[in-house]
Amino acid sequence: VRQCSSPGMAKRVGGEIDLLPGWDDTHRVDCMRGVLEIKFAPGTELAARLLATGDAHLEEGNTWGDRWWGTCRGQGENMLGRLLMEQRMALRVRSRTQIAGRVTSLVLTEGAWCATVDGCEVWGTAETFVPPKGRDVTVYGGWLDGRWRATRVHLHMQEGDEDEHD
């Protein structure tokens, strides 16, 4: 497949190869996600162009009937569009130094926690304040080792609180 002279030829040759077990379920999505992370890496021209799409819905429309990666006549999974929007969000998160919003989910593990704040997955250690689920917070930190890591959490005051927490 790698030696094919065109994408169309690679598609034809690839269609004749036996797929790995489970390829349709997870492998192809994970593989495409990895390709998009490289193609739209932070600081590249393609990353800037992807970020310039703002909050637009991205759809891989086609006329050849690919309803898995895209849509045809408005129907399909649009997996490529969904992965591109996921990559766009990841680029936004990686550039942030703070995330403010409501904690919508919280998972505690031994020595660490993971929370969803403003739609972003945030990780913290036992040394940082654990943000309570359902509360508004501002989390300070940045992208480190493939995750958005919290270095400090500020809990916003609400009626009945005695003092603010950091």
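Any value given below was found using the heavy atoms of this structure, including those in side chains, with hydrogens, waters and symmetry copies removed. Just so you know, residue 1 is the first one in the sequence shown, and it goes up from there. All values reported here derive from a predicted model rather than from experimental measurement.
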Exercise. Are any non-hydrogen side-chain atoms of R67 and R73 less than 4.5 angstrom apart?
Worked result: yes
Exercise. Any salt bridge between R92 and D55, counting N to O under 4.0 Å?
Worked result: yes
Exercise. Do any N or O atoms from the side chain of T116 and from the backbone of G119 form a donor-acceptor pair under 3.5 angstrom?
Worked result: no
For this session: Taking the side chain as every heavy atom from C-beta outward, state whether E86 and R33 have any pair of such atoms under 4.5 Å apart.
Result: yes
Exercise. If every non-hydrogen atom of L91 is compared with every non-hydrogen atom of A47, which pair is closest and at what distance?
Worked result: CD1-CB, 3.9 Å
Exercise. Under a 4.5 Å cut-off applied to non-hydrogen side-chain atoms, are R82 and E77 in contact?
Worked result: yes
Exercise. Given side chains that start at C-beta, do those of F40 and L84 come closer than 4.5 Å, heavy atoms only?
Worked result: yes
Problem set entry | R96/D118 ion pair, N-O < 4.0 Å | yes
For this session: State, yes or no, whether a side-chain contact exists between R135 and L155 at a heavy-atom distance under 4.5 Å.
Result: yes
For this session: Following the transitive rule for hydrophobic clusters with a side-chain heavy-atom cut-off under 4.5 Å over Ile, Leu, Val, Met, Phe, Trp and Tyr, establish whether L50 and L46 coincide in one cluster.
Result: yes
Exercise. Counting only N and O atoms by type, is there a donor-acceptor contact under 3.5 Å from the side chain of W113 to the main-chain atoms of W123?
Worked result: no
Exercise. Does one side chain, of R152 or T128, offer a donor that lies under 3.5 Å from an acceptor on the other?
Worked result: no
Exercise. Is the charged tip of R28 near the ring of W68: under 6.0 Å from the six-membered ring centre and within 45° of its axis?
Worked result: yes
Exercise. Is there a path from V103 to M89 through hydrophobic residues (I, L, V, M, F, W, Y) whose side chains come within less than 4.5 Å of each other?
Worked result: yes
Problem set entry | Heavy-atom pair with the smallest gap, counting every atom of H57 and N78 | NE2-ND2, 3.8 Å
Problem set entry | Test item: W69 and L83 side chains (from C-beta on) under 4.5 Å apart, heavy atoms | yes
Exercise. Is there a donor-acceptor contact under 3.5 Å linking the side chains of W143 and S95?
Worked result: no
Exercise. How about L58 and R88: do any of their side-chain heavy atoms sit closer than 4.5 Å?
Worked result: yes
Problem set entry | Heavy-atom closest pair, residues C120 and V93 | SG-CG2, 3.3 Å
Problem set entry | Minimum side-chain heavy-atom gap T138-V153 below 4.5 Å | no
Exercise. Quick one: do the T71 and E59 side chains pair a donor with an acceptor below 3.5 Å?
Worked result: yes
